Amino acid sequence: MKKHSDHEQRIAEEIEKQRITIPDFSEIMNGEDAVREKTDQHGNKWKKVYTGGGSHFTNCFDQYKEIYGEENIMVEECDTAVGKCYTESNEKMKRIWVKK
């Protein structure tokens, strides 16, 4: 096995320090489970009912809109820069909130 020079070793260590680790989906969803309710700037309380994306999001959104009315539904885009499956697919992860 070839031994690396000190310079090569320092470069390898610097690259490793700068490496960005993208959490997997289960890590993101574990953090998402902690987000359940929020209060908006008008004092309205909201309950999170869904987190996801794609066609499943569209189907869920349509169902919640039909049940609760569009005025009682809010959609929020999640920060998916850390979501490997969403980052790789360029898909947006969203939350659906229902007014309490």
Side-chain angles (χ1 to χ4, degrees):
M1 184 184 333
K2 181 182 174 188
K3 185 176 179 183
H4 295 290
S5 71
D6 288 341
H7 178 70
E8 290 171 325
Q9 184 63 35
R10 283 193 304 274
I11 291 172
E13 289 170 0
E14 188 60 34
I15 289 170
E16 189 61 34
K17 282 186 212 172
Q18 295 178 14
R19 183 172 300 193
I20 298 171
T21 303
I22 299 175
D24 67 16
F25 186 71
S26 62
E27 291 175 26
I28 294 167
M29 294 315 290
N30 286 339
E32 239 345 274
D33 287 343
V35 180
R36 296 175 188 247
E37 295 182 349
K38 72 178 191 172
T39 304
D40 66 19
Q41 66 272 20
H42 304 291
N44 298 312
K45 299 209 181 283
W46 297 83
K47 177 183 175 184
K48 184 180 72 175
V49 293
Y50 175 83
T51 303
S55 60
H56 190 250
F57 165 81
T58 304
N59 293 335
C60 287
F61 176 74
D62 289 343
Q63 290 176 20
Y64 282 112
K65 186 168 62 172
E66 185 176 332
I67 294 168
Y68 295 100
E70 194 166 358
E71 67 278 1
N72 296 310
I73 302 295
M74 178 174 48
V75 174
E76 175 181 63
E77 192 173 299
C78 302
D79 176 17
T80 57
V82 295
K84 185 175 184 176
C85 61
Y86 285 93
T87 302
E88 289 175 356
S89 70
N90 291 322
E91 187 175 321
K92 302 295 183 190
M93 187 165 79
K94 299 176 183 176
R95 296 179 184 123
I96 298 175
W97 297 89
V98 174
K99 192 182 287 184
K100 291 174 91 176

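Side chains included, hydrogens not; waters and symmetry mates left out as well; all remaining heavy atoms used. The shown structure was predicted, so the numbers you read here are calculated from the model rather than taken from an experiment.
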All side chain to side chain donor-acceptor pair (under 3.5 Å) counterparts of [X], not counting sequence neighbours:
| X | result |
| --- | --- |
| K38 | E76 |
| N72 | none |
| Y64 | none |

Item to check | From I67 atom CD1 to D62 atom CG, the distance as rounded to the nearest 0.5 Å | outcome: 11.0 Å
Checklist entry - To the nearest 0.5 Å, how far apart are NZ in K65 and CD1 in I96? => result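 CD1 of I96 is found 10.5 Å from NZ of K65.
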Checklist entry - Considering residues, nucleotides and ligands other than E70, do more than 12 of their heavy atoms fall under 6.0 Å from its CD? => result no
Item to check | side chain to side chain contact (heavy atoms under 4.5 Å, CB included) assessment of T51 paired with K94 | outcome: CA-CA 6 Å; T51 303; K94 299 176 183 176; over 6 Å; no
Show every donor-acceptor pair shorter than 3.5 Å between a side-chain atom in residues 54-61 and any protein atom, with sequence neighbours excluded, or say none if there are none.
| residue | atom | partner | partner atom | Å |
| --- | --- | --- | --- | --- |
| H56 | ND1 | Y50 | OH | 2.9 |
| T58 | OG1 | G54 | O | 3.4 |
| N59 | ND2 | S55 | O | 3.4 |

Next on the checklist: Between K48 and V35 (side chain of the first, backbone of the second, donor and acceptor by atom type, cut-off under 3.5 Å), is there such a pair?
Outcome noted: yes
Item to check | Heavy-atom check, side chain of V75 versus side chain of R95, under 4.5 Å | outcome: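 Not touching, per the 4.5 Å side-chain cut-off.
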Next on the checklist: For N44, give me all partners under side-chain contact (heavy atoms from CB on, under 4.5 Å), at least two apart in sequence or on another chain.
Outcome noted: D40, H42, W46, K99
Item to check | salt bridge (Lys or Arg N to Asp or Glu O under 4.0 Å) involving E37 - partner list, sequence neighbours excluded | outcome: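 Residues passing salt bridge (Lys or Arg N to Asp or Glu O under 4.0 Å) with E37: K100.
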Next on the checklist: Under 4.5 Å between side-chain heavy atoms, counting indirect links through other Ile/Leu/Val/Met/Phe/Trp/Tyr residues: same cluster for W97 and Y68 or not?
Outcome noted: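 No, W97 does not connect to Y68 through the hydrophobic network.
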Checklist entry - So if you build clusters from Ile, Leu, Val, Met, Phe, Trp, Tyr with side-chain heavy-atom gaps below 4.5 Å, do V98 and M74 land together? => result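 Cluster IDs for V98 and M74 differ.
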